[in-house]
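Atoms within a ligand are numbered from 1 in the order they appear, just like the ligands themselves.
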Amino acid sequence: MKILGENDINEACNILKSGGLVAIPTETVYGLAANALNKKAVKSIFKAKGRPPDNPLIVHISSLQDINYLACKIPEVYYKLAEKFWPGPLTMILRCSSIVPDEVNCGLKTIAVRFPANNIAVNIIKGCGFPLAAPSANLSGKPSPTSVEHVIEDMQGRIDAVVDGGICKIGVESTVVDLTGDIPLVLRPGGITVNKIREIVGKVNIHSSIYGSLNVNVKPVSPGMKYKHYSPKAKIRIIDANQNEYIKFMNTCKEERAFALCNDEDIPFLKAPFVSYGSRFDAAQQARNLFGALRRLDALGAALAYARIPERSDEGLALYNRLMRAAGFEEIKIEH
Ligand code: TXA
Ligand code: MG
């Protein structure tokens, strides 16, 4: 796998034009890109990631005009949201045109589109002249990559190149909102909060899977919902406790190689080994650090890690959702 820099955009484009796979930086996480209109190239994304074949891909565009040939029956709310949040960490699901291969949307007849806010990504899409299908550039089930090192760890020997764009600014994936129904439906919380979307479009629904695991009998709207995600080798457990209870729990924990996946404010009180993912009072910092912290636990040889449950409001909702998924939705309540 070649490691390219921001001066190698042409080389990245040439690989993509010949049907290859290139991991590219975006403002959320690194994406594993291929020509979205080349069926064979798209198929090879699934192979490289070990991705379940029924989990569709987001298509990345580099201008608002691109939507005209990719989607149809576009609702008014799309234009309002695109004007406000694009380029940026919002993915919108629309009905797709016939140009979109089934390999991209797994036969769903819809398309998830995003215009990323990262110059390297935008210049690569522009240089290619076609949209890029790109899931997060991790092995399926692992935490999403927020640095070039994370991509190399997972994708060495599986893809043609990665473009180094440094650390991703946001660190959690885009918010996914389905606009194919009467009321916009958030399928995944992410870089744009639900309240910000509400300010623009009024009523917004939040899919119940965001708060808990999907009932096995419900057909998932977003196939990605039903898979376990973001799991390092270490087992993650979520504790519903206040800070004192959490510290006490950790300091009396007898399990081997048990770590605290904690906030900076906990560090002075902890006797247990720990990995912090940032200040309790800085949700943006926590989002930026969370996936790296999950990978760090493995590097340190943690067998399991306990984290406190994050707030479910605003920016906290994306963190809550990622941590709960990493923990397989198991939560431990401490008796008050
Ligand atoms: O920030 C992001 O969104 C990153 C960067 C690389 O853009 N991409 C990303 O892709 O997170 P991925 O594949 O890891 O997650 C895409 C999610 C999955 O849960 C998938 O099921 C859902 O979007 N999705 C994609 N197309 C869909 C569609 N047509 N209908 C419903 N859900 C869709
Ligand atoms: Mg992913």
Side-chain angles (χ1 to χ4, degrees), residues 22-34 36 42 45-46 48-62 70-71 85-97 100-118 120-122 124-125 131-146 150-151 154-155 162-163 165 168-181 185-192 207 209-210 214 219-231 287 291 318 321-322 325-326:
V22 181
I24 61 169
T26 82
E27 78 280 28
T28 57
V29 301
Y30 277 75
L32 178 52
V42 171
I45 292 180
F46 286 82
K49 273 186 64 97
R51 185 177 179 93
D54 64 347
N55 195 4
L57 307 176
I58 296 175
V59 174
H60 297 71
I61 58 175
S62 58
L70 293 170
F85 298 118
W86 277 1
L90 179 70
T91 294
M92 294 192 255
I93 295 176
L94 301 166
R95 288 180 207 293
C96 71
S97 72
V100 179
D102 281 350
E103 282 74 8
V104 169
N105 61 13
C106 305
L108 286 176
K109 312 284 180 225
T110 54
I111 181 169
V113 244
R114 180 162 112 76
F115 182 166
N118 175 295
I120 297 179
V122 170
I124 292 175
I125 304 166
L132 295 177
S136 49
N138 51 285
L139 284 175
S140 204
K142 290 280 162 212
S144 297
T146 52
H150 298 163
V151 177
D154 281 15
M155 290 298 156
V162 57
V163 183
C168 300
K169 276 202 191 110
I170 294 180
V172 289
E173 304 89 339
S174 60
T175 302
V176 178
V177 60
D178 183 349
L179 302 181
T180 61
L185 175 65
V186 173
L187 302 179
R188 179 177 75 182
I192 304 281
H207 200 279
S209 71
I210 287 171
L214 200 69
K219 186 174 184 292
V221 195
S222 200
M225 286 170 173
K226 67 178 188 241
Y227 297 110
K228 191 167 179 211
H229 267 88
Y230 316 116
S231 311
F291 288 141
N321 175 258
R322 303 308 187 273
R325 284 181 154 240

Quick check: does any side chain N or O of [X] sit under 3.5 Å from a backbone N or O of [Y], one acting as donor and the other as acceptor?
X	Y	result
N105	I111	no
T26	T28	yes
K49	A137	no
R114	W86	no
T175	I192	yes

Which of the atoms in ligand 1, numbered in the order shown and given with their element, are less than 4.0 Å from a heavy-atom of [X]?
X	answer
H60	5 (C), 6 (C), 7 (O)
T28	1 (O), 2 (C), 4 (C), 5 (C)
I58	3 (O), 8 (N), 9 (C), 10 (O), 16 (C)

| message | Using every non-hydrogen atom in the two residues, find where G171 and V29 come nearest and quote the distance to one decimal. | response | O-CG1, 3.9 Å
| Minimal non-hydrogen separation, I61 against P131, with atom names | CG2-CB, 4.3 Å
| request: Tell me, please, which residues at least two apart from E173 pass salt bridge (charged side-chain N to carboxylate O under 4.0 Å, His left out). | output: R322
| message | Does only the side chain of R95 get under 4.0 Å from ligand 1, or the backbone, or both, or neither? Count heavy atoms. | response | neither
| task | Would you mind telling me if ligand 1 is within reach of the side chain of L57, the backbone, both or neither, using heavy atoms under 4.0 Å? | result | backbone
| With respect to atom 8 (N) of ligand 1, which of A134, P145, S174 exhibits the smallest heavy-atom separation? | A134
| query | Protein N/O/S atoms under 2.8 Å of the Mg ion (ligand 2)? | reply | S136 OG
| query | CD1/I120 to CD/E27 distance, rounded to the nearest 0.5 angstrom? | reply | 12.0 Å
